[in-house]
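The structure follows.
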Protein chains: 2
Amino acid sequence: MATVFYPDNTTFLVAVDCIIFGFKNKELHILLTRRPVEPLKGEWSLMGGFMEENESLNQAAEKVLYRYTQQKGIYMEQVNAYGEVDRDAGGRVVSVAFYALVRLEEFDTSLARKFDARWVKVQDLPSLIFDHEKMVEDALTLLRFKVSMQPIIFNFFDKKFTLPALQDLYEAIYQMPIDKRNFRKKIAAMEILDKMDDKDKSSSKRGAHYYVFNEHKYQKFTKEGKRYSL
Amino acid sequence: MATVFYPDNTTFLVAVDCIIFGFKNKELHILLTRRPVEPLKGEWSLMGGFMEENESLNQAAEKVLYRYTQQKGIYMEQVNAYGEVDRDAGGRVVSVAFYALVRLEEFDTSLARKFDARWVKVQDLPSLIFDHEKMVEDALTLLRFKVSMQPIIFNFFDKKFTLPALQDLYEAIYQMPIDKRNFRKKIAAMEILDKMDDKDKSSSKRGAHYYVFNEHKYQKFTKEGKRYSL
DNA sequence: ACAAAAGTGTTCACACTACACCCATGG
DNA sequence: CCATGGGTGTAGTGTGAACACTTTTGT
């Protein structure tokens with residue numbers, strides 16, 4: 001690429017790879033695809049794409065997310081840039097990884113066939129191409145940290161959710177059991193959720209109350225200098 | 001760049017920018033330079049450089065660090081990638097920021113003149129070019145987090161240091177006073193430092209004992225499942 | 001009536017905070 | 001002998017962890 005001020009420097013392909021997390025069957029899943037192009041065509045890969053001329057990194061990631069999920073406004077965060085010389089067997093590519101949290105309830109299953117994509121449990125991932133396994137590992141580390149510090153976990157749900165489901169998700173992210181009473185006590189103490197009147201009866205006869213995250217209460221919460229912590 | 005497998009995609013300049021931290025006069029400093037090239041020649045800027053054809057991102061950052069400090073083996077960590085379309089007024093450049101911790105005691109002051117570089121206190125930074133202020137902010141956030149979780153703070157010193165100096169540094173990083181007794185209690189409890197016999201008498205008549213970080217003790221510490229926390 | 005999941009409080013251990021005085025030494 | 005910074009312990013408070021039983025309701 002010719003640029004006016006930096007004419008003599010090498011240019012590189014820049015890609016984005018997305019670690020797309022979803023929650024299903026009490027397990028954390030990642031959306032993977034069979035790589036559609038050579039080299040390593042057919043191997044398991046993250047969802048990715050090249051950055052284009054008039055796109056920012058974030059826009060490139062949003063483009064990839066939209067292409068493979070057809071959802072807009074997905075929560076997304078940069079993980080890291082990966083720049084080893086031979087990280088991509090197809091050429092010199094610098095890749096920036098993003099993780100994203102999607103609502104699996106509203107996921108269009110026809111997309112799966114179109115892109116040869118599958119939701120795979122994080123604890124039994126297949127081998128991935130290039131350095132994608134490292135990307136997933138880094139994304140998980142970051143996700144765990146962020147979830148404990150900021151109310152991003154609610155992006156896994158379509159507005160309302162039950163406390164048992166929230167706890168299941170939390171346990172799936174951290175891969176450890178947590179105490180029901182302590183969990184609920186902590187959440188109750190923060191006062192950032194609204195309890196609904198209706199219940200989800202799909203997993204018990206008694207039914208579990210729905211809750212919704214209340215952004216306004218959360219703002220008040222932070223203004224009082226209190227710290228979110230799960 | 002022609003690559004065999006990805007022929008049709010746009011390529012970009014890739015730069016690295018380094019937030020080089022040092023500790024001096026009880027204050028945290030950053031190494032800045034007057035930008036040597038157009039556009040915005042002469043404005044305050046982080047230390048940066050372009051990635052070259054057979055370099056990884058890390059290697060490019062190490063190259064920049066070595067050029068401006070003449071130190072090897074500098075502790076360094078990636079902060080983030082910055083990819084807004086118009087972030088660099090001189091052309092389309094994706095930049096990856098790294099922060100680094102250097103030992104200011106052994107800093108070669110002749111380098112300052114050679115590169116028109118200066119150590120500036122973090123709490124009164126001048127305006128920086130492009131998105132460099134955002135990079136510094138992000139680097140500081142990451143540094144504060146890492147310092148509290150891992151024993152990287154010792155990279156600011158050339159092996160030995162005194163506890164008052166360590167506390168001054170800690171206070172400079174977090175920009176808040178901390179209690180001397182609590183600080184020393186915490187450090188003593190971890191048992192990862194070795195107390196030396198000699199003292200630093202440069203800042204008091206009584207003199208403060210030197211300490212050194214003991215990597216071996218730290219390894220043992222972590223193996224016992226204990227968590228470093230400052 | 002019973003199975004199956006939802007919901008609810010208390011106690012204990014530990015970590016963090018606040019706080020004030022003596023010590024060693026060079027000038 | 002005194003000014004200056006180095007060095008030390010204890011009590012109180014808050015936060016996280018462990019732990020068991022009652023409620024609801026569809027079958």
Side-chain angles (χ1 to χ4, degrees), chain A residues 25-27 144-145 147-149 157 160-212 221 224-230, chain B residues 25-27 144-145 147-149 157 160-172 174-212 221-222 224-230:
Chain A
N25 301 335
K26 304 197 175 191
E27 299 284 354
R144 286 178 179 136
F145 172 65
V147 159
S148 76
M149 303 287 288
F157 299 104
K160 65 186 186 179
F161 50 87
T162 67
L163 294 185
L166 187 64
Q167 181 173 349
D168 287 340
L169 172 51
Y170 191 85
E171 290 175 334
I173 291 173
Y174 288 93
Q175 290 290 301
M176 55 163 66
I178 31 174
D179 184 88
K180 188 169 35 160
R181 282 175 287 188
N182 293 337
F183 183 74
R184 296 167 93 109
K185 200 192 325 168
K186 227 175 185 174
I187 287 181
M190 291 196 281
E191 297 179 324
I192 55 173
L193 301 186
D194 289 331
K195 187 177 187 171
M196 307 274 88
D197 290 330
D198 54 340
K199 293 180 170 187
D200 169 27
K201 298 211 160 195
S202 66
S203 65
S204 79
K205 323 201 154 161
R206 179 177 179 176
H209 277 284
Y210 281 117
Y211 287 77
V212 294
F221 174 83
E224 291 169 7
K226 296 174 183 172
R227 265 200 270 181
Y228 180 93
S229 147
L230 254 193
Chain B
N25 301 335
K26 306 197 173 190
E27 299 285 353
R144 288 182 177 131
F145 172 65
V147 159
S148 78
M149 303 288 288
F157 300 104
K160 65 186 185 179
F161 50 87
T162 66
L163 294 185
L166 187 65
Q167 182 175 345
D168 286 340
L169 172 52
Y170 191 86
E171 290 176 335
Y174 287 94
Q175 291 288 300
M176 53 163 66
I178 33 173
D179 184 88
K180 191 170 33 160
R181 282 176 287 191
N182 292 337
F183 183 73
R184 295 168 93 108
K185 199 193 324 169
K186 227 176 185 175
I187 287 181
M190 291 197 279
E191 298 178 325
I192 55 173
L193 300 186
D194 288 332
K195 187 177 188 171
M196 308 275 89
D197 290 330
D198 55 339
K199 293 180 170 186
D200 169 27
K201 297 208 159 195
S202 67
S203 66
S204 78
K205 323 201 157 166
R206 178 176 180 174
H209 276 284
Y210 281 117
Y211 286 78
V212 294
F221 174 85
T222 53
E224 291 169 7
K226 296 175 184 172
R227 264 200 271 182
Y228 180 93
S229 145
L230 255 194

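All figures in this text were calculated on a predicted structure; none of them were measured in a lab. Every chain is numbered from 1, with letters handed out A, B, ... down the list of sequences.
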Exercise. Could you give the CZ-to-C1' distance, from Arg184(A) to dA17(D), as a whole number of Å?
Worked result: 18 Å

Problem set entry | Side chain proximity check, Tyr228(B) to Met190(B), heavy atoms < 4.5 angstrom |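 Sidechains of Met190(B) and Tyr228(B): in contact.
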
Which pairs would a plain distance check flag for residues 175-182 of chain A, meaning a side-chain donor or acceptor within less than 3.5 Å of a matching protein atom at least two apart in sequence or in another chain?
from, atom 1, to, atom 2, distance (Å)
Gln175(A), NE2, Ala172(A), O, 3.0
Asp179(A), OD2, Arg181(A), N, 3.0
Asp179(A), OD2, Asn182(A), N, 2.9
Asn182(A), OD1, Lys185(A), NZ, 3.3

Exercise. Base, sugar-phosphate alone, or nothing: which one does Thr162(A) contact when heavy atoms must sit under 4.0 Å apart?
Worked result: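 Result for Thr162(A) = nothing.
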
Problem set entry | Nucleotide dG6(D), atom P - distance to CZ of Phe161(B) in whole Å |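 It is 15 Å, rounded to the nearest whole Å.
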
Exercise. When the distance from CG of Leu166(A) to C1' of dA5(C) is rounded to whole Å, what number comes out?
Worked result: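 Checked: the CG to C1' distance equals 17 Å.
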
Heteroatom pairs (N/O) under 3.5 angstrom, protein to nucleotides 14-17 of chain C:
from, atom 1, to, atom 2, distance (Å)
dT17(C), O4, Lys185(B), NZ, 3.1

For this session: Can you tell me the distance, in whole Å, between the NE2 atom of His209(B) and the C1' atom of dT8(D)?
Result: 13 Å

Exercise. Whole-Å distance between dT4(D) P and Asp200(B) CG?
Worked result: 18 Å

Exercise. When you check the phosphate oxygens OP1 and OP2 of dC19(C), does a side-chain N or O of Arg181(B) lie under 4.0 Å from one of them?
Worked result: no

For this session: Given side-chain contact (heavy atoms from CB on, under 4.5 Å), test Leu169(B) with Phe161(B) step by step and report yes or no.
Result: CA-CA 11 Å; Leu169(B) 172 52; Phe161(B) 50 87; over 6 Å; no

Problem set entry | Main-chain N/O of Leu230(B) paired to Tyr170(B) side chain as donor or acceptor, under 3.5 Å |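 A pair under 3.5 Å: yes.
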
For this session: Measure the distance from OH on Tyr211(A) to C1' on dA6(C) and round it to the nearest whole Å.
Result: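 Interatomic distance, OH of Tyr211(A) to C1' of dA6(C): 10 Å.
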
For this session: Send over the distance from Tyr210(B) OH to dG7(D) C1', rounded to a whole Å.
Result: 17 Å

Using the 3.5 Å cut-off, write out each protein N or O paired with an N or O of nucleotides 25-27 of chain D and the distance between them.
from, atom 1, to, atom 2, distance (Å)
dG26(D), OP1, Lys201(A), NZ, 3.2

Exercise. For Ile187(B) and dG7(D), what is the distance between atoms CD1 and P respectively, to the nearest whole Å?
Worked result: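 Interatomic distance, CD1 of Ile187(B) to P of dG7(D): 12 Å.
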
